[in-house]
*Asks:* 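Sending over a structure as structure tokens; questions will come in a sec.
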Amino acid sequence: QSTGRHTQPPWTMANRRRLDRDQSSVELNDDQTQELQALFNLLTNGKPKLDRDTLKNDLSKFGIRDARVEEMLKEADPNNDGSIDFMSFSQMMSRKMAKSVSEDDMRAAFRKFDWKKTGQIATAELAEALTSFGKPPLTTRELSEMLAVCEKDGQVNYEAFLKNMFSKEGEQ
């Protein structure tokens, strides 16, 4: 997978879609497991568990709100004791890695519809695919949000869409 990930896309539908996906996870390779262990150790100062207050404090430095931390704890704290051990932490992070979609992944998917290699896809064709075959399919509202960003004269400019979705706030 590409490392060109983002943490908070400006596009509302993308936020919802990431939350709607199933709870599957990716199998971590040794390097990923070591990186997660290093992150866990950094967050816990070497302690065996990560507590609620430490998690809130550390993640607030990255602009992650308390409500989001509570969601993470709910997901990764099976004992509901306000702390996460490394196994729960790595499982939660693995699920999050499986849910994330990179810019390169999306560009590759769009290019399957761009037979002429113009960076443009007929709006009707893309709309049909996204509302009929997506997993889950887009709603009419979600499609409208997308088209508002990147559609002009019956064509979808997928590079404009990707730029909008993956650029950090203030870069647009």
Side-chain angles (χ1 to χ4, degrees), residues 1-110 130 134-139 141-143 145-146 148-150 158-172:
Q1 288 212 4
S2 168
T3 58
R5 291 199 183 97
H6 63 288
T7 55
Q8 183 90 22
W11 193 35
T12 310
M13 189 199 79
N15 289 328
R16 187 192 75 79
R17 306 272 295 171
R18 191 178 2 264
L19 295 174
D20 283 352
R21 292 193 188 157
D22 66 327
Q23 294 296 313
S24 64
S25 61
V26 294
E27 193 170 316
L28 300 174
N29 65 36
D30 290 341
D31 289 340
Q32 291 169 319
T33 301
Q34 288 176 357
E35 288 175 10
L36 287 178
Q37 183 69 61
L39 175 60
F40 186 81
N41 290 340
L42 180 69
L43 294 172
T44 64
N45 288 325
K47 296 177 186 168
K49 289 196 170 202
L50 180 60
D51 65 76
R52 172 180 274 112
D53 293 335
T54 301
L55 188 61
K56 282 183 179 181
N57 183 45
D58 289 345
L59 294 181
S60 70
K61 295 172 187 172
F62 298 102
I64 299 173
R65 302 180 319 270
D66 285 354
R68 183 69 186 113
V69 173
E70 290 301 325
E71 287 176 31
M72 292 171 75
L73 280 167
K74 193 182 302 182
E75 178 182 346
D77 179 14
N79 302 328
N80 201 25
D81 65 2
S83 64
I84 303 171
D85 63 12
F86 176 70
M87 183 62 73
S88 297
F89 177 78
S90 62
Q91 288 170 345
M92 174 186 66
M93 295 304 290
S94 175
R95 284 190 298 273
K96 296 196 177 311
M97 290 165 67
K99 293 177 189 177
S100 66
V101 175
S102 75
E103 184 174 358
D104 291 338
D105 294 339
M106 289 191 72
R107 181 174 286 108
F110 279 123
L130 294 175
K135 293 186 180 186
L138 295 186
T139 65
R141 182 173 156 247
E142 291 167 338
L143 180 64
E145 287 178 23
M146 178 187 167
V149 170
C150 60
Y158 59 85
E159 290 297 333
F161 168 75
L162 293 171
K163 180 180 179 194
N164 180 275
M165 184 167 170
F166 287 97
S167 64
K168 294 180 183 117
E169 294 201 30
E171 287 183 354
Q172 296 178 18

*Asks:* To check you understand the geometry: which heavy-atom pair defines the closest contact between Thr44 and Lys49, and what is its length?
*Replies:* CG2-O, 3.5 Å
*Asks:* Quick check: closest heavy atoms across Pro137 and Glu142, and the distance to 0.1 Å?
*Replies:* O-OE1, 4.2 Å
*Asks:* Looking only at heavy atoms, which two atoms of Ala76 and Ser88 are closest? And how far apart?
*Replies:* O-CB, 3.0 Å
*Asks:* How far apart are the closest heavy atoms of Phe40 and Lys47, and which atoms are they?
*Replies:* CE2-O, 3.8 Å
*Asks:* Which residues pass the side-chain hydrogen bond (donor to acceptor under 3.5 Å, both in side chains) test with Asp77, not counting sequence neighbours?
*Replies:* none
*Asks:* Verify the neighbour count for atom CG of Asn29: are there more than 12 heavy atoms of other residues, nucleotides or ligands below 6.0 Å?
*Replies:* yes
*Asks:* Take Asp30 and Gln34 through the side-chain hydrogen bond (donor to acceptor under 3.5 Å, both in side chains) test and state the conclusion after the steps.
*Replies:* CA-CA 6 Å; Asp30 290 341; Gln34 288 176 357; over 6 Å; no
*Asks:* Hey, is Lys163 close enough to Glu159 for a salt bridge, meaning N to O under 4.0 Å?
*Replies:* no
*Asks:* Going by side-chain hydrogen bond (donor to acceptor under 3.5 Å, both in side chains), name the residues that satisfy it together with Asp51, two or more places apart in sequence or in a different chain.
*Replies:* Thr54
*Asks:* Any salt bridge linking Asp53 with Lys56? Criterion: basic side-chain nitrogen under 4.0 Å from a carboxylate oxygen.
*Replies:* no
*Asks:* Hey, could you give me the CD1/CE distance between Ile84 and Met92, rounded to the nearest 0.5 Å?
*Replies:* 5.0 Å
*Asks:* What is the minimum heavy-atom distance between Phe89 and Leu39, and which atoms define it?
*Replies:* CZ-CD2, 3.8 Å
